[in-house]
Amino acid sequence: MVNNNWSLQPADVFERSPVVPVMVINKLEHAVPLAKALVAGGISVLEITLRTECALEAIKLIKQEVPEALVGAGTVLNEEQLQQAIDAGSEFIITPGASVDLLKAGTQSGVPMFPGVATISEIMTALELGYKHLKFFPAEASGGVKTLKAFAGPLPKDIRFCPTGGISPKNYRDYLELDFIDCIGGSWIAPSDAIEAGDWDRITGLCKEALANI
Ligand code: 3PG
(Lines give C-alpha, C1' and ligand atoms only; values in the text may rest on other atoms or scores of the structure.)
Protein backbone atom coordinates (compact mmCIF):
# COMPACT_ATOMS: atom_id res chain seq x y z
CA MET A 1 0.00 0.00 0.00
CA VAL A 2 1.12 3.54 -0.60
CA ASN A 3 0.20 5.63 2.43
CA ASN A 4 0.49 9.32 1.69
CA ASN A 5 0.64 10.22 5.38
CA TRP A 6 3.96 8.40 5.64
CA SER A 7 7.29 10.12 5.05
CA LEU A 8 8.82 6.88 3.77
CA GLN A 9 7.14 3.93 2.12
CA PRO A 10 7.44 0.49 3.76
CA ALA A 11 9.54 -0.89 0.91
CA ASP A 12 12.12 1.86 1.52
CA VAL A 13 12.71 0.34 4.96
CA PHE A 14 12.36 -3.37 4.14
CA GLU A 15 14.62 -3.22 1.08
CA ARG A 16 17.39 -1.17 2.65
CA SER A 17 19.02 -3.97 4.67
CA PRO A 18 18.45 -7.75 4.64
CA VAL A 19 19.40 -7.92 8.33
CA VAL A 20 17.83 -5.58 10.90
CA PRO A 21 19.34 -5.52 14.39
CA VAL A 22 16.82 -5.69 17.23
CA MET A 23 18.54 -3.43 19.75
CA VAL A 24 18.05 -3.44 23.51
CA ILE A 25 19.90 -0.43 24.91
CA ASN A 26 20.22 -0.42 28.68
CA LYS A 27 22.62 2.51 29.02
CA LEU A 28 22.36 5.70 27.04
CA GLU A 29 26.12 5.90 26.62
CA HIS A 30 25.99 2.70 24.56
CA ALA A 31 23.55 4.11 22.00
CA VAL A 32 25.87 6.01 19.66
CA PRO A 33 28.86 3.63 19.68
CA LEU A 34 26.49 0.72 19.11
CA ALA A 35 24.79 2.45 16.16
CA LYS A 36 28.18 3.39 14.71
CA ALA A 37 29.42 -0.20 15.06
CA LEU A 38 26.39 -1.50 13.17
CA VAL A 39 26.72 1.11 10.42
CA ALA A 40 30.45 0.31 10.15
CA GLY A 41 29.44 -3.31 9.58
CA GLY A 42 27.16 -2.31 6.70
CA ILE A 43 23.80 -2.28 8.49
CA SER A 44 22.01 1.05 8.59
CA VAL A 45 18.40 0.14 9.47
CA LEU A 46 18.20 0.06 13.25
CA GLU A 47 15.28 -1.12 15.40
CA ILE A 48 15.55 0.23 18.93
CA THR A 49 13.14 -1.58 21.20
CA LEU A 50 11.17 0.44 23.72
CA ARG A 51 12.00 -2.11 26.40
CA THR A 52 14.38 0.00 28.39
CA GLU A 53 14.11 3.32 30.16
CA CYS A 54 16.56 5.10 27.91
CA ALA A 55 15.20 3.79 24.60
CA LEU A 56 13.48 7.04 23.54
CA GLU A 57 16.55 9.10 24.46
CA ALA A 58 18.68 6.59 22.55
CA ILE A 59 16.55 7.07 19.42
CA LYS A 60 16.94 10.86 19.69
CA LEU A 61 20.68 10.65 20.19
CA ILE A 62 21.33 8.18 17.38
CA LYS A 63 19.28 10.33 14.99
CA GLN A 64 21.44 13.33 15.85
CA GLU A 65 24.81 11.63 15.93
CA VAL A 66 24.52 8.90 13.30
CA PRO A 67 22.69 10.47 10.35
CA GLU A 68 23.56 7.57 8.03
CA ALA A 69 21.24 5.31 10.05
CA LEU A 70 17.52 4.88 9.51
CA VAL A 71 16.24 4.71 13.07
CA GLY A 72 13.01 3.02 14.09
CA ALA A 73 11.27 2.08 17.31
CA GLY A 74 10.35 -1.52 18.11
CA THR A 75 8.13 -3.04 20.79
CA VAL A 76 5.57 -0.25 20.33
CA LEU A 77 2.55 -1.55 22.24
CA ASN A 78 0.03 1.31 22.26
CA GLU A 79 -0.83 4.73 20.87
CA GLU A 80 0.97 6.55 23.67
CA GLN A 81 4.22 4.79 22.84
CA LEU A 82 3.59 5.38 19.14
CA GLN A 83 3.42 9.12 19.79
CA GLN A 84 6.46 9.07 22.06
CA ALA A 85 8.45 7.14 19.46
CA ILE A 86 7.50 9.61 16.72
CA ASP A 87 8.27 12.58 18.96
CA ALA A 88 11.73 11.07 19.61
CA GLY A 89 12.35 11.05 15.84
CA SER A 90 11.64 7.43 14.90
CA GLU A 91 11.55 6.99 11.15
CA PHE A 92 9.54 3.76 11.31
CA ILE A 93 7.57 1.82 13.91
CA ILE A 94 7.47 -1.91 14.62
CA THR A 95 4.83 -3.51 16.82
CA PRO A 96 4.94 -7.01 18.29
CA GLY A 97 1.23 -7.59 17.65
CA ALA A 98 -1.74 -6.37 15.67
CA SER A 99 -4.05 -4.38 17.97
CA VAL A 100 -6.69 -2.72 15.81
CA ASP A 101 -6.53 0.66 17.58
CA LEU A 102 -2.76 0.83 17.27
CA LEU A 103 -2.83 -0.21 13.61
CA LYS A 104 -5.48 2.42 12.86
CA ALA A 105 -3.37 5.07 14.58
CA GLY A 106 -0.37 3.90 12.56
CA THR A 107 -2.11 4.63 9.26
CA GLN A 108 -2.58 8.26 10.39
CA SER A 109 0.92 8.78 11.77
CA GLY A 110 3.75 10.32 9.80
CA VAL A 111 6.01 7.27 9.49
CA PRO A 112 5.51 3.70 8.27
CA MET A 113 4.38 1.07 10.75
CA PHE A 114 5.11 -2.66 10.53
CA PRO A 115 2.55 -4.63 12.52
CA GLY A 116 3.58 -7.87 14.18
CA VAL A 117 1.54 -10.90 13.13
CA ALA A 118 1.72 -14.61 13.86
CA THR A 119 -1.60 -15.91 12.51
CA ILE A 120 -3.66 -15.67 9.33
CA SER A 121 -6.39 -13.81 11.26
CA GLU A 122 -3.91 -11.14 12.39
CA ILE A 123 -2.62 -10.86 8.85
CA MET A 124 -6.20 -10.40 7.62
CA THR A 125 -6.75 -7.64 10.20
CA ALA A 126 -3.57 -5.89 9.06
CA LEU A 127 -4.56 -6.26 5.41
CA GLU A 128 -8.01 -4.78 6.09
CA LEU A 129 -6.28 -1.70 7.46
CA GLY A 130 -4.00 -1.48 4.42
CA TYR A 131 -0.77 -2.97 5.76
CA LYS A 132 1.19 -5.21 3.42
CA HIS A 133 4.62 -5.11 5.07
CA LEU A 134 4.46 -7.11 8.28
CA LYS A 135 6.71 -8.40 11.03
CA PHE A 136 6.29 -12.16 11.55
CA PHE A 137 6.79 -12.57 15.29
CA PRO A 138 7.79 -14.70 17.13
CA ALA A 139 9.06 -16.36 13.98
CA GLU A 140 10.68 -19.57 15.19
CA ALA A 141 8.19 -20.20 17.98
CA SER A 142 5.35 -19.73 15.46
CA GLY A 143 6.62 -22.41 13.14
CA GLY A 144 9.24 -20.46 11.19
CA VAL A 145 9.76 -21.02 7.48
CA LYS A 146 7.20 -23.82 7.38
CA THR A 147 4.45 -21.53 8.68
CA LEU A 148 5.41 -18.72 6.32
CA LYS A 149 5.24 -21.08 3.36
CA ALA A 150 1.80 -22.20 4.51
CA PHE A 151 0.69 -18.54 4.83
CA ALA A 152 1.82 -17.84 1.27
CA GLY A 153 -0.90 -20.09 -0.22
CA PRO A 154 -4.03 -18.07 0.66
CA LEU A 155 -2.47 -14.61 0.97
CA PRO A 156 -2.19 -11.91 -1.69
CA LYS A 157 1.13 -12.14 -3.51
CA ASP A 158 2.27 -8.63 -2.63
CA ILE A 159 2.55 -9.22 1.14
CA ARG A 160 6.09 -8.93 2.51
CA PHE A 161 7.34 -10.21 5.86
CA CYS A 162 10.23 -9.39 8.17
CA PRO A 163 10.50 -12.42 10.49
CA THR A 164 11.98 -11.86 13.93
CA GLY A 165 12.20 -13.88 17.14
CA GLY A 166 14.56 -16.82 17.31
CA ILE A 167 16.45 -15.88 14.14
CA SER A 168 20.13 -16.77 14.32
CA PRO A 169 23.19 -17.20 12.13
CA LYS A 170 22.04 -20.81 11.67
CA ASN A 171 18.62 -20.10 10.20
CA TYR A 172 18.49 -16.55 8.82
CA ARG A 173 19.34 -17.60 5.27
CA ASP A 174 16.44 -20.08 5.21
CA TYR A 175 14.09 -17.12 5.69
CA LEU A 176 15.83 -14.81 3.23
CA GLU A 177 15.50 -17.47 0.52
CA LEU A 178 11.71 -17.10 0.56
CA ASP A 179 10.61 -14.72 -2.17
CA PHE A 180 8.19 -12.78 0.05
CA ILE A 181 10.90 -11.97 2.60
CA ASP A 182 13.01 -8.82 2.16
CA CYS A 183 14.68 -8.78 5.56
CA ILE A 184 14.90 -10.55 8.89
CA GLY A 185 15.43 -9.08 12.36
CA GLY A 186 17.42 -10.38 15.27
CA SER A 187 19.20 -9.48 18.45
CA TRP A 188 22.13 -11.82 17.75
CA ILE A 189 23.73 -9.09 15.69
CA ALA A 190 23.94 -6.82 18.76
CA PRO A 191 24.41 -9.25 21.69
CA SER A 192 23.94 -7.84 25.17
CA ASP A 193 27.30 -9.11 26.44
CA ALA A 194 29.16 -7.35 23.60
CA ILE A 195 27.22 -4.13 24.29
CA GLU A 196 27.91 -4.32 28.00
CA ALA A 197 31.62 -4.94 27.37
CA GLY A 198 31.79 -2.13 24.79
CA ASP A 199 33.08 -4.66 22.27
CA TRP A 200 32.01 -2.66 19.22
CA ASP A 201 34.44 -4.45 16.90
CA ARG A 202 32.72 -7.74 17.64
CA ILE A 203 29.37 -6.21 16.66
CA THR A 204 30.81 -4.77 13.44
CA GLY A 205 32.26 -8.21 12.72
CA LEU A 206 28.89 -9.93 13.29
CA CYS A 207 27.26 -7.56 10.79
CA LYS A 208 29.92 -8.13 8.17
CA GLU A 209 29.74 -11.89 8.63
CA ALA A 210 25.93 -11.93 8.36
CA LEU A 211 25.94 -9.83 5.18
CA ALA A 212 28.83 -11.74 3.59
CA ASN A 213 27.06 -15.07 4.02
CA ILE A 214 23.82 -14.09 2.27
C1 3PG B 1 11.94 -8.93 18.58
O2 3PG B 1 11.44 -8.10 19.30
O3 3PG B 1 11.88 -8.86 17.34
C4 3PG B 1 12.58 -10.12 19.19
O5 3PG B 1 12.59 -10.02 20.56
C6 3PG B 1 13.94 -10.42 18.69
O7 3PG B 1 14.09 -11.74 18.95
P8 3PG B 1 15.49 -12.43 19.18
O9 3PG B 1 16.05 -11.86 20.44
O10 3PG B 1 15.15 -13.89 19.27
O11 3PG B 1 16.35 -12.11 17.97
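Atoms within each ligand, like the ligands themselves, are counted from 1 in listed order. What's counted below: heavy atoms across the whole structure, side chains too, no hydrogens, waters or symmetry copies.
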- Task: Please report the shortest heavy-atom distance between L38 and C207, naming the atom on each side.
- Result: CD2-SG, 3.5 Å
- Query: If you measure every N/O of S187 against every N/O of ligand 1, is any gap under 3.5 Å?
  - Reply: yes
- Query: Using the benzene-type ring in the case of Trp, are the ring centres of F161 and Y175 under 6.0 Å apart?
  - Reply: no
- Do W188 and I167 come within less than 4.5 Å of each other through their side chains, counting heavy atoms only? yes
- Could you tell me which atoms of ligand 1, counted from 1 in the order shown, lie closer than 4.0 angstrom to a heavy atom of G186? 11 (O)
- Query: What do you reckon, does E47 have a nitrogen or oxygen under 3.5 Å from a nitrogen or oxygen of ligand 1?
  - Reply: no
- Message: Check contact between M23 and ligand 1, using heavy atoms of the residue and a distance below 4.0 angstrom.
- Response: no
- Item | Nearest neighbour in protein (non-hydrogen) for atom 3 (O) of ligand 1 | T164 OG1, 2.6 Å
- Task: Report yes or no: does a heavy atom of G165 sit under 4.0 Å from some atom of ligand 1?
- Result: yes
- Where is the nearest protein heavy atom to atom 2 (O) of ligand 1: which residue, which atom, and how far? R51 NH2, 2.4 Å
- Query: Any N or O on G166 sitting closer than 3.5 Å to an N or O of ligand 1?
  - Reply: yes
- Message: Regarding ligand 1, does W188 bring an N or O atom to under 3.5 Å of one of the ligand's N or O atoms?
- Response: no
- Query: To the nearest 0.1 Å, how far is atom 4 (C) of ligand 1 from its closest protein heavy atom, and which atom is that?
  - Reply: F137 CE1, 3.6 Å
- Go through F151 and F180 one step at a time and tell me if the ring-ring contact (aromatic ring centres under 6.0 Å, His included) criterion holds. CA-CA 11 Å; F151 283 167; F180 44 89; 8.9 Å; no
- Item | Close-contact set for ligand 1 against V22 heavy atoms, below 4.0 Å | 1 (C), 2 (O), 3 (O), 6 (C)
- Query: Looking only at heavy atoms, what is the nearest atom pair of S17 and V45, with distance?
  - Reply: CB-CG2, 4.0 Å
- Message: Do Y172 and I214 make a side-chain contact, defined as non-hydrogen atoms from C-beta onward lying under 4.5 Å apart?
- Response: yes
- Query: Do you see a donor-acceptor pair shorter than 3.5 Å between the side chains of D87 and Q83?
  - Reply: yes
- Does the E47 side chain pair with the main chain of M23, one donor and one acceptor, at a distance under 3.5 Å? no
- Message: Taking 4.0 angstrom as the limit and counting only heavy atoms of K135, give me the atoms of ligand 1 inside it, by number and element.
- Response: 1 (C), 2 (O), 3 (O)
